[in-house]
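Encoded as structure tokens, the structure appears first; notes follow it.
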Amino acid sequence: MTTRKVRVRFAPSPTGPLHIGGVRTALFNYLFAKKHGGDFILRIEDTDSTRFVEGAEEYINESMEWLGMTIDEGVKQGGEYGPYKQSERREIYKKYADQLVETGWAYYAFDTPEELDALRAQAEAEKKTFAYDMHSRSNMKNSLSLSEDEVKQRMEAGEPWVIRFKMPEDTDVQTNDMVRGSVTFNTNTLDDKVLYKSADKLPTYHLANIVDDHLMDISHVIRGEEWLPSVPLHIMLYRALKWEETMPQFAHLPLILKPTGKGKLSKRDGDKGGFPVFPLNWQLEDGIAMGYRESGYFPEAMVNLLALLGWNPGTEQELFSMDELVELFSIERVNKSGARFDPDKAKWFNQQHLVRKDDAELAELFQCELSEKGMKAEPGFVAQVVGLVKERVNFVSELWEQTAFFFEAPVEYDPKVVKKRWKGDVPAFMTELTVELEKVSSWKADDIKTAISGQIEAKGLGFGLVMNAFRLALVGGGFGPDLMTIAEMIGQDETIKRVNAAVENLQ
RNA sequence: GGUCCCUUCGUCUAGUGGUUAGGACGCAAGGUUUUCAUCCUUGAAACAGGAGUUCGAUUCUCCUAGGGACUGCCA
């Protein structure tokens with residue numbers, strides 16, 4: 001058996017912003033493709049004309065680009081297997097739907113949605129479940145129960161119809177899932193799914209999916225666990241179309257669950273917990289759905305955290321670049337059980353990636369924030385500042401609150417610190433200290449320290465007491481990196497000015 | 001209800017027929033730091049339950065319980 005080229009697809013439907021679970025599915029597809037030197041295809045599954053959302057397709061493209069998942073074939077990229085948008089492939093599906101009817105694998109049905117709803121409601125009232133299946137199909141309005149003439153008549157009269165798959169009886173369907181192993185279903189529990197609808201001349205997901213995967217020569221289908229129950233239908237479809245020989249291999253990924261409580265992660269969880277569930281911001285009628293990008297996450301951090309939700313390389317390494325993930329990824333090491341999303345750990349991943357960035361790169365990102373605040377600073381200076389504090393922030397957006405004092409004198413002083421540090425002999429001493437600071441001829445951290453230490457000793461004061469007050473004057477609070485370094489960086493004049501200002505303001 | 005899937009610290013997970021069941025996030029304590037943070041050290045914390053197979057099961061099998069997905073002319 002010759003091993004065929006790996007070709008996988010990510011096939012979202014453009015009904016809104018891409019969910020984090022969808023992003024992970026895309027990522028695993030991408031990693032698998034690249035690991036095996038294969039193609040990563042983006043197919044837009046817009047077969048539900050009623051759920052189409054403007055802008056969703058562009059959102060998907062932008063998300064993939066931001067995260068660094070390069071698409072080999074797709075609507076924008078083109079390719080030899082196009083079109084890559086299902087609404088542009090109508091004729092193709094119609095042909096195969098007809099073929100299934102001709103070969104007896106499917107039939108026309110005229111039951112209206114309202115009739116079916118009524119039957120479902122009725123069944124529910126009797127605590128039963130209605131299914132359009134091998135048991136009920138003969139009582140329904142379809143080409144199996146109706147005479148040929150009547151079928152023809154209804155169709156010629158323009159009555160809407162659908163094509164349903166005629167699920168065979170009592171057949172065991174077995175699949176060898178790449179993450180779950182052997183799974184078996186019996187067709188007796190399956191229903192006759194709609195494959196095609198005349199109303200909008202479009203197939204449903206099931207038919208479109210099989211036809212496209214076959215025609216696009218997809219080798220592996222990697223998708224969420226919610227698709228597992230439809231595997232037997234899909235296998236039967238491959239069989240009915242005589243494509244079983246080249247049927248792709250399936251892999252069903254575990255779900256991403258809520259941080260607390262039950263069920264799979266949803267948009268509401270993000271709102272409640274204050275963390276993003278989407279890669280990019282998405283405008284809603286009643287507000288905005290937060291995105292990772294706009295929340296300050298690095299794309300590589302998001303990729304990293306998503307990769308480890310349901311997969312691990314078996315070592316104790318937790319931080320990976322996209323290249324490393326491609327190198328190490330294997331579908332066999334994907335977990336079977338659902339993974340709860342942990343917002344705290346997500347932050348940690350971002351912090352880890354932030355610390356690992358070099359100062360110049362971070363400085364560049366920080367410059368944007370600075371200019372928004374009307375601050376101008378030399379790139380070299382900003383890089384130095386960033387280097388001093390990057391270990392104490394999770395996001396670029398937190399940089400300002402840690403470094404504002406490098407760019408402007410404190411506008412206010414932390415009252416708690418004032419109360420604790422600015423008392424007794426301190427104010428008087430600080431005034432004297434400015435005189436000493438004036439005298440420092442070489443404004444370097446070490447020299448400043450020597451000067452201050454000498455003065456403290458001469459006065460017999462506590463080192464800590466003075467230093468904390470000095471920090472309060474320069475920073476406005478009790479935080480920040482090494483104080484002497486701060487003094488050196490803001491300069492001699494500014495340092496003295498701030499001490500004087502503090503003495504004046506904190507009487 | 002039916003079908004299918006899943007089950008190791010609170011969370012993400014490693015792991016093996018014989019281990020002190022390992023790591024990470026978070027949490028707690030201590031230390032370093034003139035401060036905050038970092039950092040370091042330490043600690044608490046798990047094999048869902050019951051049978052069976054076996055000299056020995058967290059590991060293999062079965063059952064139970066719990067959780068989840070699906071059950072649309074949605075994907």
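Letters A, B, ... are given to chains in the order of the sequence lines, protein chains preceding strands, and every chain is numbered from 1.
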Review point. Hey, does G310(A) reach any base, or is it just sugar-phosphate, or nothing, if we go heavy atoms under 4.0 Å?
Key: sugar-phosphate

Exercise for review: Have a look at D482(A) and say if it touches a base, only the backbone sugar-phosphate, or nothing, with a 4.0 Å heavy-atom cut-off.
Suggested key: base

Practice item. Assign V183(A) to base, sugar-phosphate, or nothing according to its heavy-atom contacts below 4.0 angstrom with the strands shown. Key: sugar-phosphate

Review point. For G263(A) and S182(A), take the nucleotide of RNA chain B holding the closest heavy atom to each; which residue's nucleotide lies nearer the 5' end?
Key: S182(A)

Exercise for review: Give one of base, sugar-phosphate or nothing for L483(A), where a contact means two heavy atoms less than 4.0 Å apart.
Suggested key: base

Review point. So what does R223(A) hit on the nucleic acid, given a heavy-atom distance under 4.0 Å: a base, only sugar-phosphate, or nothing?
Key: nothing

Study note, to complete from the structure: First and last nt of RNA chain B near chain A, cut-off under 4.0 Å to heavy atoms, 5' to 3', are G1(B) to A75(B)

Exercise for review: Pick out which of T47(A), D212(A), D98(A) makes a side-chain hydrogen bond (donor to acceptor under 3.5 Å, both in side chains) with Y93(A).
Suggested key: D212(A)

Exercise for review: Can you sort out the partners of N335(A) under side-chain hydrogen bond (donor to acceptor under 3.5 Å, both in side chains), two or more places apart, ordered by chain and number?
Suggested key: none

Exercise for review: Answer with base, sugar-phosphate or nothing: what part of the nucleic acid does K127(A) contact at a heavy-atom distance below 4.0 Å?
Suggested key: nothing

Enumerate, atom names and distances included, each donor-acceptor pair closer than 3.5 Å involving a side-chain atom of residues 21-28 of chain A, sequence neighbours excluded.
{"unit_1": "R24(A)", "atom_1": "NH1", "unit_2": "L309(A)", "atom_2": "O", "d": "2.5"}
{"unit_1": "R24(A)", "atom_1": "NH2", "unit_2": "P254(A)", "atom_2": "O", "d": "2.2"}
{"unit_1": "T25(A)", "atom_1": "OG1", "unit_2": "G21(A)", "atom_2": "O", "d": "3.0"}

Practice item. Report which part of the nucleic acid T204(A) touches: base, sugar-phosphate, or nothing (heavy-atom distance under 4.0 Å, all strands). Key: sugar-phosphate

Review point. Does N186(A) or G338(A) map to a spot on RNA chain B nearer the 5' end, using the closest nucleotide for each?
Key: N186(A)

Check your understanding: Quantified in whole Å, what is the P atom distance between nucleotide G2(B) and nucleotide U20(B)?
Key -> 45 Å

Exercise for review: Identify whether any heavy atom of R180(A) sits under 4.0 Å from a base atom; if not, whether one sits that close to sugar-phosphate; answer base, sugar-phosphate or nothing.
Suggested key: sugar-phosphate

Review point. Would a 4.5 Å heavy-atom cut-off, applied to side chains only, mark L362(A) and V396(A) as touching?
Key: yes

**Study point:** Touch class at under 4.0 angstrom, heavy-atom based, for A199(A) against every strand present
**Key:** nothing

Practice item. Using the C1' atoms only, state how far U16(B) lies from G1(B), rounded to an integer number of Å. Key: 41 Å

Review point. Tell me, which of residues 343-354 of chain A have any heavy atom that sits under 4.0 Å from an atom in RNA chain B?
Key: D344(A), K345(A), W348(A)

Could you tabulate the donor-acceptor pairs under 3.5 Å formed by side-chain atoms of residues 178-187 of chain A, not counting sequence neighbours?
{"unit_1": "R180(A)", "atom_1": "NE", "unit_2": "H252(A)", "atom_2": "O", "d": "3.1"}
{"unit_1": "R180(A)", "atom_1": "NH1", "unit_2": "K336(A)", "atom_2": "O", "d": "3.4"}
{"unit_1": "R180(A)", "atom_1": "NH2", "unit_2": "E225(A)", "atom_2": "OE1", "d": "3.4"}
{"unit_1": "R180(A)", "atom_1": "NH2", "unit_2": "H252(A)", "atom_2": "O", "d": "3.1"}
{"unit_1": "R180(A)", "atom_1": "NH2", "unit_2": "K336(A)", "atom_2": "O", "d": "3.4"}
{"unit_1": "S182(A)", "atom_1": "OG", "unit_2": "Q174(A)", "atom_2": "NE2", "d": "2.7"}
{"unit_1": "N186(A)", "atom_1": "OD1", "unit_2": "N188(A)", "atom_2": "N", "d": "2.8"}
{"unit_1": "N186(A)", "atom_1": "ND2", "unit_2": "D170(A)", "atom_2": "OD1", "d": "3.1"}
{"unit_1": "N186(A)", "atom_1": "ND2", "unit_2": "D172(A)", "atom_2": "OD1", "d": "3.0"}
{"unit_1": "T187(A)", "atom_1": "OG1", "unit_2": "P168(A)", "atom_2": "O", "d": "2.8"}
{"unit_1": "T187(A)", "atom_1": "OG1", "unit_2": "D170(A)", "atom_2": "N", "d": "3.2"}
{"unit_1": "T187(A)", "atom_1": "OG1", "unit_2": "T171(A)", "atom_2": "N", "d": "2.8"}
{"unit_1": "T187(A)", "atom_1": "OG1", "unit_2": "T171(A)", "atom_2": "O", "d": "3.4"}

Review point. So what does G224(A) hit on the nucleic acid, given a heavy-atom distance under 4.0 Å: a base, only sugar-phosphate, or nothing?
Key: nothing

Exercise for review: Indicate, with a heavy-atom threshold strictly under 4.0 Å, whether T112(A) touches base, sugar-phosphate, or nothing.
Suggested key: base

Revision key, fill the gap. Here the residues of residues 113-123 of chain A within 4.0 Å heavy-atom distance, strictly under, of RNA chain B are P113(A), L116(A), R120(A)

Exercise for review: Indicate, with a heavy-atom threshold strictly under 4.0 Å, whether N209(A) touches base, sugar-phosphate, or nothing.
Suggested key: nothing

Check your understanding: Does the pair Y292(A) and F275(A) meet the rule for a ring-ring contact (aromatic ring centres under 6.0 Å, His included), with working shown?
Key -> CA-CA 8 Å; Y292(A) 274 83; F275(A) 60 88; 8.0 Å; no

Review point. Would you call the rings of W227(A) and H206(A) parallel, tilted or perpendicular if under 30° counts as parallel and over 60° as perpendicular?
Key: perpendicular

**Study point:** ring pair (Phe, Tyr, Trp, His ring centres under 6.0 Å) partners of F405(A), counting only residues at least two apart
**Key:** F479(A)

Revision key, fill the gap. Residues at least two apart in sequence or cross-chain that pass ring pair (Phe, Tyr, Trp, His ring centres under 6.0 Å) with W348(A), listed by chain then number, are none

**Study point:** Residue pairs fulfilling salt bridge (charged side-chain N to carboxylate O under 4.0 Å, His left out) with at least one residue in residues 196-211 of chain A, sequence neighbours excluded
**Key:** K197(A)-D200(A)

Check your understanding: With R51(A), which residues qualify under salt bridge (Lys or Arg N to Asp or Glu O under 4.0 Å), at least two apart?
Key -> D48(A)

Exercise for review: Would you classify T184(A) as touching base, sugar-phosphate or nothing, given that sugar-phosphate means primed atoms plus P, OP1 and OP2, and contacts are heavy atoms under 4.0 Å?
Suggested key: sugar-phosphate

Point to revise | Sugar-phosphate only, base, or nothing, as touched by F185(A) at under 4.0 Å among non-hydrogen atoms | key: sugar-phosphate

Check your understanding: Given that both distances must come in under 3.5 Å, which nucleotide forms a Watson-Crick or G-U wobble pair with G10(B)?
Key -> C25(B)

Exercise for review: Apply side-chain hydrogen bond (donor to acceptor under 3.5 Å, both in side chains) to N29(A) and list each qualifying residue two or more places apart in sequence or on a separate chain.
Suggested key: none

**Study point:** side-chain hydrogen bond (donor to acceptor under 3.5 Å, both in side chains) against R239(A), all qualifying residues, sequence neighbours excluded
**Key:** E244(A)

